[in-house]
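Here is the structure we will look at, set down as C-alpha cells.
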Amino acid sequence: MDDATAMRIALDEARAAPAHDDVPIGAVVLHQGQVIARRHNERERLGDPTAHAEILALRDAAAAVGSWRLDGCTLVATLEPCPMCAGAAIGARIARVVYGAADPKAGACASLYNLCADPRLNHEAAVTPNVLAEECAELLQRFFAARRD
C-alpha cells in the first residue's frame with residue numbers, strides 16, 4: 001500500500017473523532033503493506049491524556065502482532081506526531097513514520113524536534129512528511145474554525 005492510500009485511511013479515521021468532541025487526527029499502522037491498526041483521537045471520549053490516535057494505533061498493532069516490537073512497521077498519522085507519540089513510535093521500534101500536516105507547535109518528527117533521527121536514542125525511524133498535507137491541515141482548520149464560531 002502506498003503512503004497516500006494509507007493516509008486516506010488515516011483521514012477517514014480522523015473524521016470520526018469530532019463525533020465525540022475530539023480533535024480530528026487519525027493514525028494507521030502498516031505491517032508488510034497491510035493495515036493492522038487504525039485509530040483516531042479519543043482523549044475527550046476516554047478522559048485519557050494519552051489517548052492520541054498514534055498511541056491507540058500502536059497499542060492495537062502490538063496486540064495484532066503479539067509483541068511490543070513493531071519492527072518493519074510504518075506509522076501513518078494525519079498530523080506530525082508530538083513528543084509522546086514520536087517517543088512511543090521509537091520505543092515500539094517503528095521503521096518509518098509518515099505524516100500529513102506539520103505541527104509547528106508540538107511536532108517531534110521535524111518541526112520542533114526530530115526524535116526519529118536522534119542518534120542518542122536506541123532506535124531511529126525514517127520520516128516521510130507532507131503526505132496529503134493540505135487535506136490533513138484543512139480537516140484540522142475546519143474543526144477549530146467551527147469551535148470558534
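When reading the values below, keep in mind they use all heavy atoms of this one structure, side chains included, and skip hydrogens, waters and symmetry mates.
The shortest distance between side-chain heavy atoms of V65 and L70 falls below 4.5 Å. No side-chain heavy atom of R43 sits under 4.5 Å from any side-chain heavy atom of L46. At a threshold of 4.5 Å between non-hydrogen side-chain atoms, the residues E124 and P119 count as touching. Using a 4.5 Å heavy-atom cutoff, the side chains of H20 and E44 are not in contact. When side chains are defined from C-beta on, R96 does not count as touching L75, because their heavy atoms never get closer than 4.5 Å. Using a 4.5 Å heavy-atom cutoff, the side chains of P24 and L140 are in contact. With a 4.5 Å cut-off on side-chain heavy atoms, C116 and I90 count as touching. Residues L58 and V29 form a side-chain contact, since some pair of their non-hydrogen atoms from C-beta on lies under 4.5 Å apart.
Note on V23: it does not cluster hydrophobically with I55, by side-chain heavy-atom contacts below 4.5 Å among ILVMFWY residues. Both L132 and L139 belong to a common hydrophobic cluster when Ile, Leu, Val, Met, Phe, Trp and Tyr are linked at side-chain heavy-atom distances under 4.5 angstrom. Following chains of ILVMFWY side-chain contacts shorter than 4.5 Å, one cannot reach V127 starting from V76, and the two form parts of different hydrophobic clusters. Under the 4.5 Å side-chain heavy-atom criterion for grouping Ile, Leu, Val, Met, Phe, Trp and Tyr, I25 is connected to F143 within one hydrophobic cluster. In this structure, L30 is a member of the same hydrophobic cluster as V98, with clusters built from ILVMFWY side-chain heavy atoms closer than 4.5 Å.
Between E54 and C85, the closest heavy-atom pair is OE1-SG, 3.4 Å. Minimum interatomic distance between A86 and L115 (heavy atoms only, all atoms of both residues): CB-CD1, 4.0 Å. Between G100 and C136, the shortest heavy-atom distance links the atoms CA-SG, 3.8 Å. Across A37 and A61, no two heavy atoms sit closer than the pair CB-N, 3.6 Å.
Between R39 and D60 there is a salt bridge, with a side-chain nitrogen of the basic residue lying less than 4.0 Å from a carboxylate oxygen of the acidic one. Salt-bridge check for R120 with D118: passed, with a basic side-chain N closer than 4.0 Å to an acidic carboxylate O.
Defined by atom type and a distance below 3.5 Å, a donor-acceptor pair is missing between the side-chain atoms of H40 and H52.
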Go through E42 and D48 one step at a time and tell me if the side chain to side chain contact (heavy atoms under 4.5 Å, CB included) criterion holds.
-> CA-CA 8 Å; E42 295 189 37; D48 179 352; over 6 Å; no
Kindly indicate, with the supporting measurements, whether the criterion side chain to side chain contact (heavy atoms under 4.5 Å, CB included) is fulfilled by V28 and M7.
-> CA-CA 8 Å; V28 169; M7 187 62 73; over 6 Å; no
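Side chain of S111 to backbone of A102: no donor-acceptor contact under 3.5 angstrom is found.
F144 contributes atom CZ, which lies 8.5 Å from atom CZ of R148 (distance to the nearest 0.5 angstrom). Note that CZ of R69 and CD1 of I94 are 13.0 Å apart. Values are rounded to the nearest 0.5 Å. Atom CG of D3 and atom OG1 of T74 lie 7.5 Å apart (nearest 0.5 Å). Atom CG of residue N114 and atom CD of residue E80 lie 8.0 Å apart, to the nearest 0.5 angstrom. Going from atom OG of S67 over to atom CZ of R93 covers 10.0 Å, rounded to the nearest 0.5 Å. Note that CZ of R15 and CG of L11 are 5.0 Å apart. Values are rounded to the nearest 0.5 Å.
Annotation for Y113: atom OH does not count as buried by contact number, only 12 or fewer foreign heavy atoms lying within 6.0 Å.
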